[in-house]
There are 2 protein chains.
Amino acid sequence: MPSVEATNEQIDLLREARRQWEEHWGEEPAPAMAAVTTLMRAQQILMGHLNDLLAPFDLTFARYEVLMLLYFTREGALPLGKIGQRLQVHPTSVTSLIDRLERDGYVERVAHPSDRRTTLARLTVAGRNTAGQATKILNEDKFGMGSLPPESHEELVLLLDRIRETGGDAVSP
Amino acid sequence: MPSVEATNEQIDLLREARRQWEEHWGEEPAPAMAAVTTLMRAQQILMGHLNDLLAPFDLTFARYEVLMLLYFTREGALPLGKIGQRLQVHPTSVTSLIDRLERDGYVERVAHPSDRRTTLARLTVAGRNTAGQATKILNEDKFGMGSLPPESHEELVLLLDRIRETGGDAVSP
DNA sequence: GTCAGATAGTAGGGCATCCGAGCTTTTCTG
DNA sequence: CAGAAAAGCTCGGATGCCCTACTATCTGAC
């Protein structure tokens, strides 16, 4: 899922949008609108970059997150529902993600020992190896955040955590 | 496209991931990883919230952006390709977005006066009215950014612009 | 103990996004 | 000016995300 090629237009369209906003609706709502559009665009760029880095492993960032969640779990196995809760994605999305991870041999579905409703996703050896290698690549690339110093990363987290709170995410201080 | 219901777990899973990261790979890559995961989650929450606000208009945020781009354009019409460049989405995505906007009567495809390869998307009266109403709702809601003061919006933009630059976005100072 | 309600996972449908391929039309080159 | 190259749009396929059912299973109330 590579990102769209850079068009490098001379004017910055997000700044232009903000100018229009102030012109039509005044100064008050413009900062929020600018922040949102900038956030969306930054996310799009980052996601594209990360997916480019992960493509050699036949992974996307969504599937990488599942792998890492299992990687950090004792036994390397978790019920599908638990995965959805942890990553905050819909149960049907988890089914789909696990389908593809299983297809590529990174996880396998295992029956729950006591609850026959539950299916466990268990990391395979290949999955664990790939997770480690992919993480090495991402860490070396600083997750595409190399243009910002570590202090800025902290700033960013503090600001974005406020947004996360409004979505019901538990953000303990 | 409503967001996932809040599960309100006691521990913050993103902070937990960061702790694991520091434990396994040291302090160095952790801030970048934390910033990226937090950004992804904040975007997901914001997008879900905005889509909830726009659902009564039969709009998604992606389609709303198209509408506003045309809204700010003289004549209210633009070639599909131009829309893709401005919003930084793939040409095939533009086709899909315009398909749905046209289905709902918000835009219509018009032949380009001189270039027969080109198709223009032109805002209809209904599209213009809906764009205005939707904007009123979003502005009143501060685009879901009410938890942050305007100064923080500016901070956020400055930080995220650095990320945008790495993606080839023109960010003039 | 039995049956209603909650839980776990999946199938099917819709939207957004990308890519590659293909068609038409325009522009450029020799 | 004719053919090659580029540009503009769309189609089909893939991934990810959501929602609404639906089935199977478990739990709890009576």
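No experiment lies behind these values; they were computed from the predicted model shown. Order of the sequence lines sets the chain letters (A, B, ...), proteins ahead of strands, with each chain counted from 1.
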Less than 4.0 angstrom between a side-chain N/O of [X] and OP1 or OP2 of [N], yes or no?
| X | N | answer |
| --- | --- | --- |
| Thr60(B) | dA16(C) | yes |
| Ser93(B) | dC18(C) | yes |
| Gln44(A) | dC18(C) | yes |
| Arg63(A) | dG16(D) | yes |

Specify the separation, in whole Å, of atom [atom1] of [X] and atom [atom2] of [N].
| X | N | atom1 | atom2 | value |
| --- | --- | --- | --- | --- |
| Asp52(B) | dC18(D) | CG | C1' | 11 Å |
| Asn51(B) | dG14(C) | CG | C1' | 13 Å |
| Leu54(A) | dG16(D) | CG | P | 11 Å |
| Glu65(A) | dT15(D) | CD | C1' | 15 Å |
| His49(A) | dC18(C) | NE2 | P | 17 Å |
| Leu80(A) | dT25(D) | CG | P | 16 Å |
| Gln43(B) | dA16(C) | CD | P | 14 Å |
| Lys82(A) | dT7(C) | NZ | C1' | 13 Å |

For Thr95(B), which contact category applies under a 4.0 Å heavy-atom criterion: base, sugar-phosphate, or nothing?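 Thr95(B): base contact, heavy atoms under 4.0 Å.
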
Scan Ser96(A) against the nucleic acid and name what it touches under 4.0 Å (heavy atoms): base, sugar-phosphate only, or nothing.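 Here Ser96(A) touches no strand at all.
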
Donor-acceptor pairs under 3.5 Å, side chain of residues 62-78 of chain A to any protein atom, not counting sequence neighbours: which ones?
unit_1: Arg63(A); atom_1: NH2; unit_2: Asp58(A); atom_2: O; d: 3.3
unit_1: Tyr64(A); atom_1: OH; unit_2: Thr135(A); atom_2: OG1; d: 2.7
unit_1: Thr73(A); atom_1: OG1; unit_2: Leu69(A); atom_2: O; d: 2.6

Taking the minimum atom-to-atom distance to the side chain of Thr118(B), which one of dT17(C), dC19(C), dG8(D) wins?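 From the listed options, dG8(D) comes nearest.
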
If you check the Val89(A) side chain, which of dC9(D), dG16(D), dC18(D) turns out closest?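 Selected nucleotide (nearest to the side chain): dC18(D).
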
For DNA chain D, what residues of residues 97-113 of chain A have any heavy atom nearer than 4.0 Å?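 When residues 97-113 of chain A is checked for heavy atoms under 4.0 Å from DNA chain D, the hits, listed by number, are Leu97(A), Arg100(A), Arg103(A).
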
For residues 137-153 of chain B, which side-chain donor-acceptor pairs fall under 3.5 Å, sequence neighbours excluded?
unit_1: Asn139(B); atom_1: OD1; unit_2: Trp21(A); atom_2: NE1; d: 2.9
unit_1: Glu140(B); atom_1: OE2; unit_2: Lys136(B); atom_2: NZ; d: 2.8
unit_1: Asp141(B); atom_1: OD2; unit_2: His49(B); atom_2: NE2; d: 2.7
unit_1: Asp141(B); atom_1: OD2; unit_2: Gly144(B); atom_2: N; d: 2.9
unit_1: Ser147(B); atom_1: OG; unit_2: Arg162(A); atom_2: O; d: 3.3
unit_1: His153(B); atom_1: ND1; unit_2: Ala32(A); atom_2: N; d: 3.4
unit_1: His153(B); atom_1: NE2; unit_2: Met145(B); atom_2: O; d: 3.2
unit_1: His153(B); atom_1: NE2; unit_2: Leu148(B); atom_2: O; d: 3.1

Distance from Leu87(B) atom CG to Leu13(A) atom CG, nearest 0.5 Å?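 One finds 8.0 Å between CG of Leu87(B) and CG of Leu13(A).
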
As an exercise, state the distance from OG1 of Thr95(A) to CZ of Arg100(A), rounded to the nearest 0.5 Å.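 These two atoms lie 11.0 Å from each other.
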
If the condition is side chain to side chain contact (heavy atoms under 4.5 Å, CB included), which residues does [X] pass it with, not counting sequence neighbours?
| X | answer |
| --- | --- |
| Thr92(A) | His90(A) |
| His112(B) | Ser114(B), Asp115(B), Thr118(B), Leu120(B) |
| Thr130(B) | Phe57(B), Leu59(B), Tyr106(B) |

same_hphob_cluster(Leu160(B), Met33(A)) at 4.5 Å side-chain heavy-atom cutoff: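 Yes, same cluster.
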
Which residues share a salt bridge (charged side-chain N to carboxylate O under 4.0 Å, His left out) with Arg19(A), sequence neighbours left out: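 Glu16(A), Glu23(A).
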
Restricting to nitrogen or oxygen on both sides, can you table the protein-nucleotides 21-25 of chain C pairs closer than 3.5 Å?
none

Apply the hydrophobic cluster definition, ILVMFWY joined by side-chain contacts under 4.5 Å directly or through others, and give me every member besides Val157(A).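 ILVMFWY cluster around Val157(A) holds nothing else.
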
